[in-house]
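One structure is given below, represented as structure tokens, and several questions about it will come after.
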Amino acid sequence: MPSSPSDAAGVPASTVTVEERADRVVLTVSGDFDLATTPTHAATFRTLSRSERHVILDLRGTRFVDSTGLAVLLNSARRAIAAGNHCVAVATPGAVLRVLELSGLVDTLHVQQDLDAAHALLDRAPAGPYRGAS
């Protein structure tokens, strides 16, 4: 279920790919996650973060995120929590991680530096990442 708005030259500005597993879904964002791309991606994030699965937001391939992208990420986490699930983000050092740090979302999104760490966080204690496991 990839989505990919294009820039003026027809080059994909951003894509979201979805990997569904029994108990979790991984949403991988590549490219820019901004005002131009969030309308296309928001419905995918909204639907999957309301499902009965944990959510991993893989931002390692994201070049840029603005306030609209941050809002989608935060709202995805809120919906996952409201559905009784957990939401974990993956971001490596760079511009996107810096924006998450400056916005105070590193702890809220339980940011990990790689996908294995994100899966491990969800696999740990039955209490999950929102109840003391970190």
| Are F64 and V96 co-members of a hydrophobic cluster defined by side-chain heavy atoms under 4.5 Å apart? |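 Different clusters: V96 never reaches F64 through Ile, Leu, Val, Met, Phe, Trp or Tyr contacts under 4.5 Å.
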
| Roughly how far, to the nearest 0.5 Å, is OG of S76 from NE2 of H41? |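 Reported to 0.5 Å precision, the distance equals 12.0 Å.
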
| field | Min side-chain heavy-atom separation P93-Q113 under 4.5 Å | value |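 The answer is yes; the side chains approach within 4.5 Å.
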
| message | Testing the basics here: between V90 and A118, what is the closest heavy-atom pair and its distance to 0.1 Å? | response | CG2-CB, 3.6 Å

| task | Output the distance between atom CD1 (I81) and atom CZ (R79), rounded to the nearest 0.5 Å. | result |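 I81 CD1 to R79 CZ: 11.5 Å, rounded to 0.5 Å.
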
| According to the interplanar angle, ranging from 0 to 90°, do the rings of H86 and H54 count as parallel (below 30°), tilted (30 to 60°) or perpendicular (above 60°)? |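 Rings of H86 and H54: parallel, under 30°.
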
| field | D23 and R53 ion-paired at < 4.0 Å | value | no

| message | Using a 3.5 Å distance criterion without hydrogens, assess whether the side chain of N85 forms a donor-acceptor pair with backbone atoms of C87. | response | no

| So, R24 and H119: side-chain donor and acceptor under 3.5 Å apart, yes or no? | yes

| With no hydrogens and no angle check, is any side-chain donor or acceptor of S30 less than 3.5 Å from a backbone partner on T15? |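 The answer is no, because no donor-acceptor pair under 3.5 Å joins these two groups.
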
| message | Closer than 3.5 angstrom, by distance alone: can the side chain of D32 be matched with the main-chain N or O of D34 as a donor-acceptor pair? | response | no

| Can you find a heavy atom in the side chain of L121 that is under 4.5 Å from one in the side chain of H110? |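 With C-beta onward as the side chain, the pair touches.
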
| request: Show your reasoning for whether side chain to side chain contact (heavy atoms under 4.5 Å, CB included) applies to V88 and L57. | output: CA-CA 6 Å; V88 177; L57 305 168; over 6 Å; no

| Spatial distance of atom CG (D114) from atom CZ (R60) [nearest 0.5 Å] | 7.0 Å

| query | T17 and side-chain contact (heavy atoms from CB on, under 4.5 Å): which partner among L27, V26, T28? | reply |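 The option that passes is T28.
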
| query | Can any side-chain N or O of T38 pair as donor or acceptor with the backbone N or O of G69 at less than 3.5 Å? | reply | no

| query | Taking atom OG of S49 and atom CZ of R78, what is their separation to the nearest 0.5 Å? | reply | 12.0 Å

| Close side-chain approach of L48 and V18, heavy atoms under 4.5 Å |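 L48 vs V18: side chains touch.
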
| query | Of the non-hydrogen atoms in L97 and T92, which two are nearest, and what is the gap between them? | reply | CB-O, 3.4 Å

| Linking I/L/V/M/F/W/Y whenever any side-chain heavy atoms sit under 4.5 Å apart, do F33 and L35 land together? | no

| Is there a donor-acceptor pair under 3.5 Å between the side chain of T108 and the backbone N or O of L105? | no

| Is the closest side-chain heavy-atom distance between N75 and F45 below 4.5 Å? |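 No; the side chains remain at least 4.5 Å from each other.
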
| Roughly how far, to the nearest 0.5 Å, is the CG atom of L59 from the CG atom of L100? | 6.5 Å

